[in-house]
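Heads up, the thing below is written out as structure tokens.
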Amino acid sequence: MRSPEPSLPAPARLVAVALLLAVLTGGVVGVDGYGRARRLRMKNKVLEMFYHAYDNYMTYGFPLEHLPQDYNGSALTLVESLSSLVILGNITEFERGILWLSENLTFDVDVRINLFECNIRLLGGLISAHLLAKDYSSQLKNGLYHDQLLHLAESLGNRFLPAFETPTGLPYAWINLKVHIQNFGFSQTSKGIIVCMDQSFTGSLILEMGVLSRLTGDSRYEAAALRALRKLWSMRSSLNLVGTTLDVFTGKWIGYSSGIGAGVDSFYEYLIKAYILFGSDEYWDMFHAAYLAVQKYHEADMRTGEATHWQLTSLQAFWPGLVVLPERYLLDYGMLHPTEKYYPLRPEFAESTFYLYQATKGVPKRPI
Ligand SMILES: *[C@@H]1O[C@H](CO)[C@@H](O)[C@H](O)[C@H]1NC(C)=O
Ligand SMILES: *[C@@H]1O[C@H](CO)[C@@H](O)[C@H](O)[C@H]1NC(C)=O
Ligand SMILES: *[C@@H]1O[C@H](CO)[C@@H](O)[C@H](O)[C@H]1NC(C)=O
């Protein structure tokens with residue numbers, strides 16, 4: 001007996017074979033539209049890009065640095081790479097980095113550093129790597145992990161503390177790691193020398209310094225950062241907006257423009273993350289009020305609420321990630337067009353994408 005004619009027309013059969021092949025080669029399209037093969041390719045691409053940057057830094061740059069500003073030799077890129085090494089599964093290299101840092105990194109150096117940059121990168125990097133080293137200590141080969149990174153973080157945190165010794169409790173923007181108070185950096189403006197700083201620097205210390213206090217049992221770091229944050233919040237306008245630049249001696253604003261971009265950005269980020277991390281309603285209340293205000297006024301003069309301009313910069317790309325952290329949010333996008341043709345390796349966009357993916361698993365909740 002003749003076998004029945006295939007019921008599918010030729011083009012459809014080709015499609016079926018293609019689909020079968022796709023299934024066999026692991027190309028099943030997932031709920032988010034990414035097949036396994038594509039995921040693998042992208043994963044390998046990420047690994048390739050990471051090692052391209054990391055290996056070239058270790059070969060040609062390490063331990064020299066461009067950041068934090070004048071601190072050349074801090075091996076900062078290594079510190080910042082440690083948590084990535086763990087996430088990418090390279091515990092051997094992670095351990096090599098820890099050993100190098102514990103033997104060679106010192107903060108007893110006569111250099112001027114930017115408190116904000118040093119906090120988010122160096123202190124944050126050391127604390128994150130410390131927590132990961134605790135988690136992975138059983139996989140470390142060359143001896144037990146004995147909190148070397150935490151000791152380094154503590155030594156750095158101790159050098160931050162004199163920065164808060166101002167009449168307002170708002171920290172200096174620049175400090176000298178060795179000489180402390182005698183050699184602070186001052187910002188030069190057209191009006192002469194004043195001590196000013198971006199306010200987001202003040203609002204962006206609580207996570208790292210708070211965790212440092214919790215890990216060491218020494219409450220001074222968290223207390224200093226919280227005092228500065230409360231002072232900053234007390235300086236908000238009647239519209240609940242904060243400006244960009246302030247004088248840490250007088251506690252007066254110098255730059256009145258509000259928004260979510262440079263100078264203000266991480267203020268919002270740190271409030272919501274501090275609430276998530278430490279669970280205190282005080283952070284939530286500040287975040288909630290600040291968030292409503294900035295949603296209402298966008299980029300505006302903090303005193304009057306009068307619109308300045310509305311632009312999109314790569315620093316602001318953290319905002320989608322921030323709004324996906326609270327349960328509910330309202331967004332209102334204006335028309336945007338690019339004006340800068342370069343991309344300075346900002347992590348904000350990647351972080352936002354990551355949080356959006358975690359919140360949706362790639363499936364939009366509603367049709368776009
Ligand atoms: C760091 O030090 C190296 C070697 O001394 C020097 O070549 C480089 O220009 C310095 N970089 C900065 C940013 O100071
Ligand atoms: C870890 O990183 C080092 C330095 O790039 C590399 O030589 C090594 O092969 C990596 N190991 C793994 C498991 O990826
Ligand atoms: C500390 O630095 C020196 C000089 O670069 C290096 O020879 C040594 O191996 C480093 N220590 C560790 C534990 O890696």
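Predicted model only: the values in this text are computed from it and were never measured. Atoms within each ligand, like the ligands themselves, are counted from 1 in listed order. For the single chain, residues carry numbers from 1 onward in sequence order.
A salt bridge is defined here as a Lys NZ or Arg NE, NH1 or NH2 lying under 4.0 Å from an Asp or Glu carboxylate O, and Glu103 with Arg96 fails to meet this definition. Salt-bridge check for Lys141 with Glu95: failed, with every basic side-chain N at 4.0 Å or more from each acidic carboxylate O.
For the pair Arg303 and Tyr256, the cation-pi criterion (under 6.0 Å, within 45° of the ring axis) is fulfilled. Note that Arg236 lies in the cation-pi zone of Trp233, set by a 6.0 Å cut-off to the ring centre and a 45° limit from the axis.
Atom 2 (O) of ligand 3 has as its closest protein heavy atom Asn104 ND2, 2.4 Å.
For atom 11 (N) of ligand 3, the nearest protein heavy atom lies closer than 4.0 Å. Under the 4.0 angstrom criterion, atom 7 (O) of ligand 3 counts as lacking any protein heavy-atom contact.
Taking only non-hydrogen atoms, the option from Asp55, Leu85, Leu88 nearest to atom 5 (O) of ligand 2 is Asp55.
Taking each heavy atom of His130 and Leu149 in turn, the nearest pair found is N-CD1, 3.7 Å.
Heavy-atom contacts of Asn90 reach the following atoms of ligand 2: 1 (C), 2 (O), 3 (C), 8 (C), 10 (C), 11 (N), 12 (C), 14 (O) (cutoff under 4.0 Å).
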